[in-house]
*Asks:* 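Let me give you the structure first, and then I'll get to my questions.
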Amino acid sequence: RSSATTLSAEGQYAQNPRVVTDINGLSTAVWQHDQGPHDIVQARTSLRGGPWSPTADVCEGGRNSFSPQVIVDSNGLATVVYQTNEYSAILGNNISVMKSRTSFRGGAWSTPVTVSVQGEESYGQQLSVDSNGLVTAVYEVEDGSNFFIKSTASLRGGAWSTPVTLSASGHQTESPQ
(Lines give C-alpha, C1' and ligand atoms only; values in the text may rest on other atoms or scores of the structure.)
Protein backbone atom coordinates (compact mmCIF):
# COMPACT_ATOMS: atom_id res chain seq x y z
CA ARG A 1 0.00 0.00 0.00
CA SER A 2 1.45 3.35 -0.99
CA SER A 3 1.13 6.54 1.00
CA ALA A 4 -0.52 9.75 -0.16
CA THR A 5 1.65 12.34 -1.89
CA THR A 6 0.93 16.04 -2.13
CA LEU A 7 1.44 16.94 -5.79
CA SER A 8 0.81 20.69 -5.69
CA ALA A 9 2.84 23.18 -3.66
CA GLU A 10 1.98 22.83 0.05
CA GLY A 11 0.16 25.73 1.64
CA GLN A 12 -0.98 27.13 -1.70
CA TYR A 13 -4.35 27.03 -3.41
CA ALA A 14 -4.84 24.30 -6.04
CA GLN A 15 -8.03 22.93 -7.63
CA ASN A 16 -9.52 20.94 -10.53
CA PRO A 17 -7.17 17.92 -10.33
CA ARG A 18 -7.34 15.32 -13.10
CA VAL A 19 -5.30 12.14 -13.56
CA VAL A 20 -4.92 9.53 -16.31
CA THR A 21 -2.79 6.38 -16.52
CA ASP A 22 -1.52 4.81 -19.75
CA ILE A 23 -1.25 1.08 -20.46
CA ASN A 24 2.37 1.05 -19.25
CA GLY A 25 1.47 2.47 -15.83
CA LEU A 26 2.56 6.08 -16.40
CA SER A 27 0.18 8.39 -14.53
CA THR A 28 -0.13 12.04 -15.55
CA ALA A 29 -1.78 14.43 -13.08
CA VAL A 30 -2.78 18.00 -13.95
CA TRP A 31 -4.36 20.75 -11.84
CA GLN A 32 -5.00 24.48 -11.62
CA HIS A 33 -2.67 26.38 -9.28
CA ASP A 34 -3.11 29.91 -7.92
CA GLN A 35 0.17 31.70 -8.60
CA GLY A 36 -0.36 35.28 -7.50
CA PRO A 37 -2.17 37.37 -10.08
CA HIS A 38 -2.84 34.38 -12.38
CA ASP A 39 -3.90 30.77 -12.11
CA ILE A 40 -1.70 28.35 -14.04
CA VAL A 41 -1.99 24.70 -15.08
CA GLN A 42 0.66 22.34 -13.73
CA ALA A 43 1.47 18.64 -14.20
CA ARG A 44 3.48 15.78 -12.72
CA THR A 45 4.00 12.15 -13.78
CA SER A 46 4.66 8.88 -11.94
CA LEU A 47 5.54 5.46 -13.38
CA ARG A 48 3.79 2.51 -11.72
CA GLY A 49 3.34 4.30 -8.40
CA GLY A 50 6.99 5.39 -8.19
CA PRO A 51 8.25 8.87 -7.34
CA TRP A 52 6.47 11.79 -8.97
CA SER A 53 8.38 13.96 -11.45
CA PRO A 54 9.12 17.60 -10.66
CA THR A 55 6.19 19.97 -11.23
CA ALA A 56 5.95 21.35 -14.78
CA ASP A 57 4.02 24.45 -15.81
CA VAL A 58 1.81 23.38 -18.72
CA CYS A 59 0.49 26.80 -19.74
CA GLU A 60 2.32 29.86 -20.96
CA GLY A 61 3.06 32.50 -18.30
CA GLY A 62 1.35 35.83 -17.79
CA ARG A 63 -2.19 34.59 -18.52
CA ASN A 64 -4.91 33.18 -16.35
CA SER A 65 -5.14 29.46 -17.24
CA PHE A 66 -7.58 27.03 -15.65
CA SER A 67 -9.95 24.04 -15.90
CA PRO A 68 -7.52 21.43 -17.29
CA GLN A 69 -8.67 18.15 -18.81
CA VAL A 70 -6.20 15.37 -19.61
CA ILE A 71 -6.36 12.16 -21.62
CA VAL A 72 -3.74 9.63 -22.75
CA ASP A 73 -3.64 7.37 -25.81
CA SER A 74 -2.43 3.75 -26.02
CA ASN A 75 1.07 4.92 -27.05
CA GLY A 76 1.55 7.12 -23.98
CA LEU A 77 0.83 10.52 -25.56
CA ALA A 78 -0.89 12.69 -22.94
CA THR A 79 -3.00 15.60 -24.19
CA VAL A 80 -4.03 18.45 -21.90
CA VAL A 81 -6.70 20.94 -22.94
CA TYR A 82 -7.19 23.97 -20.70
CA GLN A 83 -8.81 27.38 -20.80
CA THR A 84 -6.87 30.62 -20.86
CA ASN A 85 -7.92 34.25 -21.02
CA GLU A 86 -6.91 36.24 -24.09
CA TYR A 87 -7.90 39.65 -25.39
CA SER A 88 -10.38 39.56 -28.28
CA ALA A 89 -10.19 42.56 -30.62
CA ILE A 90 -13.49 41.36 -32.12
CA LEU A 91 -15.35 41.54 -28.80
CA GLY A 92 -13.18 44.20 -27.16
CA ASN A 93 -12.55 42.27 -23.95
CA ASN A 94 -10.87 39.20 -22.47
CA ILE A 95 -12.47 35.90 -23.38
CA SER A 96 -11.80 32.28 -22.51
CA VAL A 97 -10.15 30.26 -25.29
CA MET A 98 -8.86 26.70 -25.22
CA LYS A 99 -5.23 25.70 -25.62
CA SER A 100 -3.61 22.27 -25.73
CA ARG A 101 -0.22 20.71 -25.15
CA THR A 102 1.06 17.16 -25.44
CA SER A 103 3.69 15.13 -23.61
CA PHE A 104 5.01 11.76 -24.82
CA ARG A 105 5.59 9.26 -21.99
CA GLY A 106 6.25 11.93 -19.38
CA GLY A 107 8.65 13.99 -21.51
CA ALA A 108 8.66 17.73 -22.15
CA TRP A 109 5.37 19.43 -22.98
CA SER A 110 4.86 20.65 -26.55
CA THR A 111 4.33 24.30 -27.50
CA PRO A 112 0.75 25.41 -26.67
CA VAL A 113 -1.66 25.58 -29.60
CA THR A 114 -5.13 27.12 -29.78
CA VAL A 115 -7.91 24.54 -30.03
CA SER A 116 -10.99 26.76 -30.21
CA VAL A 117 -11.89 29.32 -32.87
CA GLN A 118 -10.09 32.65 -32.36
CA GLY A 119 -12.49 35.28 -31.01
CA GLU A 120 -15.06 32.81 -29.62
CA GLU A 121 -15.75 32.46 -25.89
CA SER A 122 -15.06 28.73 -25.29
CA TYR A 123 -15.20 26.57 -22.17
CA GLY A 124 -16.48 23.33 -20.60
CA GLN A 125 -14.19 21.07 -22.63
CA GLN A 126 -14.42 17.27 -22.44
CA LEU A 127 -11.99 14.84 -24.09
CA SER A 128 -12.02 11.30 -25.46
CA VAL A 129 -9.43 9.24 -27.34
CA ASP A 130 -9.85 6.23 -29.61
CA SER A 131 -7.56 3.24 -30.21
CA ASN A 132 -5.83 5.05 -33.12
CA GLY A 133 -4.83 8.06 -30.97
CA LEU A 134 -7.55 10.41 -32.26
CA VAL A 135 -8.33 12.86 -29.46
CA THR A 136 -11.76 14.48 -29.74
CA ALA A 137 -12.70 17.59 -27.77
CA VAL A 138 -16.24 18.86 -27.31
CA TYR A 139 -16.85 22.25 -25.73
CA GLU A 140 -19.33 25.07 -25.20
CA VAL A 141 -19.27 28.33 -27.15
CA GLU A 142 -21.14 31.49 -26.22
CA ASP A 143 -21.80 34.11 -28.89
CA GLY A 144 -23.40 36.70 -26.59
CA SER A 145 -26.97 35.41 -26.87
CA ASN A 146 -26.74 31.65 -27.44
CA PHE A 147 -24.76 28.69 -26.20
CA PHE A 148 -23.84 25.93 -28.63
CA ILE A 149 -21.56 22.88 -28.74
CA LYS A 150 -18.52 22.48 -31.01
CA SER A 151 -16.11 19.63 -31.62
CA THR A 152 -12.56 19.34 -32.94
CA ALA A 153 -10.02 16.50 -33.14
CA SER A 154 -6.27 15.88 -33.20
CA LEU A 155 -4.55 12.68 -34.34
CA ARG A 156 -1.51 11.69 -32.23
CA GLY A 157 -0.67 15.27 -31.22
CA GLY A 158 -1.04 16.70 -34.73
CA ALA A 159 -2.93 19.83 -35.74
CA TRP A 160 -6.48 20.24 -34.46
CA SER A 161 -9.22 20.03 -37.09
CA THR A 162 -11.41 23.02 -37.88
CA PRO A 163 -14.10 23.01 -35.16
CA VAL A 164 -17.60 22.04 -36.26
CA THR A 165 -20.87 22.97 -34.56
CA LEU A 166 -22.70 19.91 -33.24
CA SER A 167 -25.82 21.50 -31.77
CA ALA A 168 -28.72 23.04 -33.69
CA SER A 169 -28.59 26.82 -34.12
CA GLY A 170 -31.07 28.95 -32.20
CA HIS A 171 -31.18 26.58 -29.22
CA GLN A 172 -29.47 26.90 -25.84
CA THR A 173 -27.15 23.92 -25.39
CA GLU A 174 -24.64 23.42 -22.61
CA SER A 175 -22.49 20.87 -20.75
CA PRO A 176 -21.20 18.51 -23.46
CA GLN A 177 -20.01 15.06 -22.41
Side-chain angles (χ1 to χ4, degrees), residues 4-22 26-46 51-72 77-104 106-129 135-144 147-154 157 160 163 173-177:
T5 301
T6 301
L7 298 181
S8 60
E10 297 230 16
Q12 296 187 9
Y13 185 73
Q15 63 182 0
N16 295 323
R18 304 287 187 262
V19 64
V20 293
T21 302
D22 70 17
L26 181 68
S27 296
T28 301
V30 298
W31 63 91
Q32 173 182 335
H33 170 71
D34 181 356
Q35 190 178 51
H38 302 288
D39 283 1
I40 61 172
V41 174
Q42 295 185 311
R44 293 178 76 177
T45 58
S46 172
W52 286 89
S53 68
T55 301
D57 293 346
V58 175
C59 59
E60 58 269 85
R63 293 194 177 135
N64 201 30
S65 298
F66 49 97
S67 298
Q69 295 288 328
V70 61
I71 201 155
V72 65
L77 183 69
T79 301
V80 173
V81 175
Y82 59 93
Q83 293 169 239
T84 189
N85 289 338
E86 289 188 355
Y87 182 76
S88 169
I90 296 168
L91 299 176
N93 60 3
N94 280 327
I95 63 168
S96 178
V97 299
M98 292 187 316
K99 299 274 188 166
S100 80
R101 292 183 82 176
T102 56
S103 171
F104 184 64
W109 289 94
S110 67
T111 301
V113 296
T114 301
V115 175
S116 54
V117 175
Q118 207 68 14
E120 286 185 339
E121 180 89 24
S122 307
Y123 47 89
Q125 68 276 11
Q126 296 292 319
L127 304 175
S128 70
V129 64
V135 173
T136 301
V138 292
Y139 59 95
E140 295 178 42
V141 174
E142 180 181 2
D143 68 3
F147 295 91
F148 47 99
I149 307 302
K150 285 198 170 186
S151 177
T152 181
S154 170
W160 287 90
T173 54
E174 300 178 72
S175 304
Q177 293 290 313

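All values below come from the heavy atoms of this structure, side chains included, with hydrogens, waters and symmetry mates left out.
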*Asks:* Could you measure the distance from the CZ atom of Arg18 to the OG atom of Ser67? Nearest 0.5 Å is fine.
*Replies:* 8.0 Å
*Asks:* If you compare all heavy atoms of Ala137 against all heavy atoms of Leu127, which two are closest, and at what distance to 0.1 Å?
*Replies:* CB-CD2, 3.6 Å
*Asks:* Any side-chain heavy atom of Val135 sitting closer than 4.5 Å to one from Ile71?
*Replies:* yes
*Asks:* Measuring only between side-chain heavy atoms, which start at C-beta, is Thr28 closer than 4.5 Å to Val72?
*Replies:* no
*Asks:* To the nearest 0.5 Å, how far apart are NZ in Lys150 and CD in Glu120?
*Replies:* 3.5 Å
*Asks:* If you measure from CD on Gln125 to CD on Gln69, what distance do you get to the nearest 0.5 Å?
*Replies:* 5.5 Å
*Asks:* Give me the atom names and distance for the closest heavy-atom approach of Cys59 to Arg101.
*Replies:* N-NH1, 3.9 Å
*Asks:* What I'd like to find out is whether the side chain of Ser27 reaches to under 4.5 Å of the side chain of Trp52, using heavy atoms alone.
*Replies:* yes
*Asks:* Can you check whether Ser65 reaches His38 side chain to side chain, under 4.5 Å on heavy atoms?
*Replies:* no
*Asks:* Apply side chain to side chain contact (heavy atoms under 4.5 Å, CB included) to Tyr82 and Asp39, showing your working.
*Replies:* CA-CA 11 Å; Tyr82 59 93; Asp39 283 1; over 6 Å; no
*Asks:* For a 4.5 angstrom cut-off between non-hydrogen side-chain atoms, does Thr152 reach Met98?
*Replies:* no
*Asks:* Please list, chain by chain and in numerical order, all residues satisfying side chain to side chain donor-acceptor pair (under 3.5 Å) with Ser46, sequence neighbours excluded.
*Replies:* none
*Asks:* Is there a side-chain contact between Ser116 and Tyr139, using heavy atoms and a 4.5 Å cut-off?
*Replies:* yes
*Asks:* For Val97 and Ser122: C-alpha separation, side-chain torsions, deciding distance, then whether side chain to side chain contact (heavy atoms under 4.5 Å, CB included) applies.
*Replies:* CA-CA 5 Å; Val97 299; Ser122 307; 5.6 Å; no
*Asks:* Test side chain to side chain contact (heavy atoms under 4.5 Å, CB included) on Trp160 and Val81; report intermediate values, then the result.
*Replies:* CA-CA 12 Å; Trp160 287 90; Val81 175; 4.2 Å; yes
*Asks:* Less than 4.5 Å apart, side chain to side chain, heavy atoms only: is that true for Ile149 and Glu140?
*Replies:* yes
*Asks:* Looking at Val19 and Val70, what are the two nearest heavy atoms and their distance?
*Replies:* N-CG1, 4.3 Å
*Asks:* To the nearest 0.5 angstrom, please state how far the CG atom of Asp22 sits from the CG atom of Leu77.
*Replies:* 10.0 Å
*Asks:* Distance from Ser8 atom OG to Arg44 atom CZ, nearest 0.5 Å?
*Replies:* 9.0 Å
*Asks:* How close do Val115 and Ser100 get, counting heavy atoms only, and between which atoms?
*Replies:* CG2-CB, 3.6 Å
*Asks:* Between atom CZ of Phe147 and atom CD of Glu121, what is the distance when rounded to the nearest 0.5 Å?
*Replies:* 9.0 Å
*Asks:* Using salt bridge (Lys or Arg N to Asp or Glu O under 4.0 Å) as the criterion, list what pairs up with Arg63, not counting sequence neighbours.
*Replies:* Glu60, Glu86
*Asks:* Counting only N and O atoms by type, is there a donor-acceptor contact under 3.5 Å from the side chain of Ser53 to the main-chain atoms of Thr45?
*Replies:* yes
*Asks:* Between Gln83 (side chain) and Phe66 (backbone), is there a donor-acceptor pair under 3.5 Å?
*Replies:* no
*Asks:* Mark yes or no for whether Thr102, through its side chain, and Ala78, through its backbone, hold a donor-acceptor pair below 3.5 Å.
*Replies:* no
